[in-house]
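So the structure is just underneath, and the comments pick up after that.
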Amino acid sequence: MTYHPKSEFIATMMERGFLADCTDYQGLDEAFSRGVVPAYIGFDATATSLHVGSLIQIMMLRWLQKTGHKPITLMGGGTTKVGDPSFRADERPLLGPEQIDANIAGIKQVFSAYLTYGDGDTDAMMINNAEWLDGLNYLDFLRDIGRHFSINRMLSFESVKSRLDREQSLSFLEFNYMILQAYDFLELNRRYGCLLQMGGSDQWGNIVNGIDLTRRVLDHEIYGLTSPLLTTSDGKKMGKSQAGAVWLNADMRSPYEFWQFWRNTTDADTGKFLKLYTELPVDECDRLGALAGSEINEAKIILANEVTTLLHGAEAARTAEATAREVFEKGGAGGDLPTLTLAADDVADGISIVQVIVKAGLAGSGKEAKRLIAENGAKLNDAPLTNAGLMLDAAALATPIKLSAGKKRHAMVEIG
């Protein structure tokens with residue numbers, strides 16, 4: 001794409017790798033150049049924390065605010081009751097209102113680390129779409145909103161087509177999701193003057209729906225912008241690790257484990273991740289990403305420190321780096337390693353080492369833990385662990401033990 005932006009925000013999105021597509025580059029760029037643009041990204045409250053897969057969107061909102069515009073974090077208190085079918089092979093489990101509210105409270109903690117909320121022109125707003133969805137009258141909604149949607153067109157969207165092509169059930173409940181998301185954009189424009197919806201490229205159809213609906217109902221010009229769906233250089237979906245989802249809340253993923261996830265970035269991804277997930281100048285990201293040999297490891301430590309500082313603070317990043325250096329360079333246990341605390345009842349009759357490895361988050365399943373041991377990838381107190389049938393009792397855990405999976409992932413195990 002050869003468009004040369006005038007606004008700082010669009011220029012930042014392009015040069016740092018955030019931009020996949022836009023409904024109208026020039027129109028949106030001019031809107032950013034004219035004044036403060038309120039823009040939103042929607043987040044469904046399906047868990048008490050977001051994970052690393054959402055971090056690219058959170059960073060887009062952070063850059064939006066840093067360049068003088070107004071971020072809106074839209075919590076899907078209403079749409080979470082329905083479920084987003086986008087590129088899913090199955091229907092999401094439906095949650096009750098109490099669980100949804102608890103999830104939103106947990107997610108708020110993450111946003112507050114990246115955005116400044118308040119009443120100023122460029123202060124962020126957190127809005128729950130239950131504000132307008134919970135009180136909808138079904139017949140009024142069908143008459144005023146439903147008539148603007150073509151079923152033929154909705155069936156052509158990739159998120160729907162992929163489910164139908166695989167002959168997997170797509171419920172009427174989920175099919176309504178895209179209408180509700182389009183209605184969100186209309187209401188945010190009507191109530192708060194929101195001009196832009198951002199999201200992953202899998203949301204393109206939903207975003208375009210909202211733009212079309214708002215033009216038809218309000219005759220307002222609004223815009224959509226998407227980021228690439230990010231995978232790591234080995235083709236894995238961003239946000240997952242061998243131990244499961246990389247959550248952003250500290251009580252679900254410790255700052256040390258979070259730091260370690262970034263330290264374990266592959267060489268090929270380091271430069272790209274520095275541009276997307278840190279605020280280091282682009283030239284510096286390119287320089288660090290081009291390092292080779294052992295020098296690239298220092299670039300990964302900078303990446304881990306910068307990303308961890310943004311989420312958990314500089315002190316947490318320093319502590320994590322110190323712990324890592326103690327573990328990897330000095331062979332120590334490291335006082336800040338993730339710790340699995342077992343109850344005395346858990347070990348009364350002994351507990352298998354395989355179970356402990358899974359509970360400690362060093363393997364996703366018993367099968368994976370056994371393979372780790374068989375391939376000489378597991379260590380117990382820094383000594384090779386070769387017996388997958390090993391049982392641990394209270395005496396074996398009288399003092400904490402250190403378990404390792406490969407060279408980079410470690411955990412302490414103790415009895416509470």
Side-chain angles (χ1 to χ4, degrees), residues 1-5 7-22 25 51-64 66-67 114 198 200-201 225-242 246 248 255-314 316-329 406-409:
M1 189 190 60
T2 55
Y3 184 74
H4 298 292
S7 67
E8 187 184 355
F9 178 71
I10 296 290
T12 301
M13 291 296 97
M14 290 175 72
E15 68 181 2
R16 298 191 81 96
F18 284 99
L19 207 145
D21 213 342
C22 179
Y25 286 102
H51 62 63
V52 163
S54 297
L55 198 50
I56 189 168
Q57 266 79 50
I58 296 171
M59 288 301 292
M60 288 167 82
L61 290 170
R62 182 173 170 87
W63 280 112
L64 184 87
K66 281 172 71 77
T67 55
Y114 292 90
M198 302 187 291
S201 56
L225 183 154
T226 58
S227 61
L229 285 182
L230 207 60
T231 54
T232 54
S233 58
D234 55 3
K236 289 180 182 164
K237 194 174 179 183
M238 189 63 185
K240 298 289 170 70
S241 74
Q242 285 176 293
V246 182
L248 300 179
Y256 173 79
E257 290 174 293
F258 182 77
W259 186 95
Q260 196 62 52
F261 170 79
W262 295 99
R263 169 62 184 83
N264 292 343
T265 296
T266 61
D267 295 1
D269 287 326
T270 303
K272 176 170 72 172
F273 287 0
L274 281 162
K275 281 190 270 199
L276 290 171
Y277 298 113
T278 81
E279 294 172 343
L280 293 176
V282 171
D283 289 350
E284 178 66 358
C285 296
D286 287 334
R287 184 190 72 79
L288 290 168
L291 294 173
S294 60
E295 288 186 321
I296 193 73
N297 291 328
E298 288 307 311
K300 293 177 190 180
I301 288 171
I302 291 168
L303 170 67
N305 284 341
E306 292 286 327
V307 182
T308 305
T309 296
L310 281 174
L311 178 59
H312 295 300
R318 279 194 295 272
T319 302
E321 183 185 355
T323 300
R325 290 195 187 278
E326 182 185 342
V327 171
F328 305 139
E329 293 173 11
K407 294 179 180 176
K408 298 178 179 178
R409 293 184 300 125

Does some side-chain heavy atom of [Y] sit less than 4.5 Å from a side-chain heavy atom of [X]?
X	Y	result
Glu279	Glu306	no
Leu311	Leu248	yes
Phe18	Ile10	no
Asn305	Trp259	yes

- prompt: Does the side chain to side chain contact (heavy atoms under 4.5 Å, CB included) test come out yes or no for Gln57 and Met198, once each step is laid out?
  reply: CA-CA 8 Å; Gln57 266 79 50; Met198 302 187 291; over 6 Å; no
Of the non-hydrogen atoms in [X] and [Y], which two are nearest, and what is the gap between them?
X	Y	result
Lys272	Leu230	NZ-CD1, 4.1 Å
Ile56	Tyr277	N-CE2, 3.8 Å
Tyr114	Val307	OH-O, 4.4 Å
Val52	Phe261	CG1-CE2, 3.9 Å
Thr278	Leu310	CA-CD1, 4.5 Å
Leu229	Ser201	CG-OG, 3.3 Å

Straight-line distance of [X] [atom1] to [Y] [atom2], nearest 0.5 Å:
X	Y	atom1	atom2	result
Leu303	Leu274	CG	CG	4.5 Å
Trp63	Leu276	CH2	CG	11.0 Å
Asn264	Glu257	CG	CD	11.5 Å
Met14	His4	CE	NE2	8.0 Å
Ile302	Leu280	CD1	CG	7.5 Å
Asp269	Trp262	CG	CH2	9.5 Å

- prompt: Got a salt bridge between Glu298 and Arg325, using NZ or NE/NH1/NH2 to carboxylate O under 4.0 Å?
  reply: yes
field: NZ/NE/NH1/NH2 to OD/OE distance under 4.0 Å, Arg287 and Glu284
entry: yes
field: Residues forming a side chain to side chain donor-acceptor pair (under 3.5 Å) with Glu15, sequence neighbours excluded
entry: none
field: Set of residues satisfying side chain to side chain donor-acceptor pair (under 3.5 Å) with respect to Asp267, sequence neighbours excluded
entry: Lys300
- request: For Thr309, enumerate each residue passing the side-chain contact (heavy atoms from CB on, under 4.5 Å) test, keeping only those at least two apart in sequence or located in another chain.
  value: Ala314, Ala317
message: Donor-acceptor pair, distance only, cut-off 3.5 Å: does the side chain of Arg263 make one with the backbone of Glu321?
response: no
- prompt: Do side-chain atoms of Thr67 reach the backbone of Leu64 as a donor and acceptor pair under 3.5 angstrom?
  reply: yes
message: Assess, by modelled atom type and distance only, whether the side chains of Asn297 and Ser294 contain a donor and an acceptor separated by less than 3.5 Å.
response: no
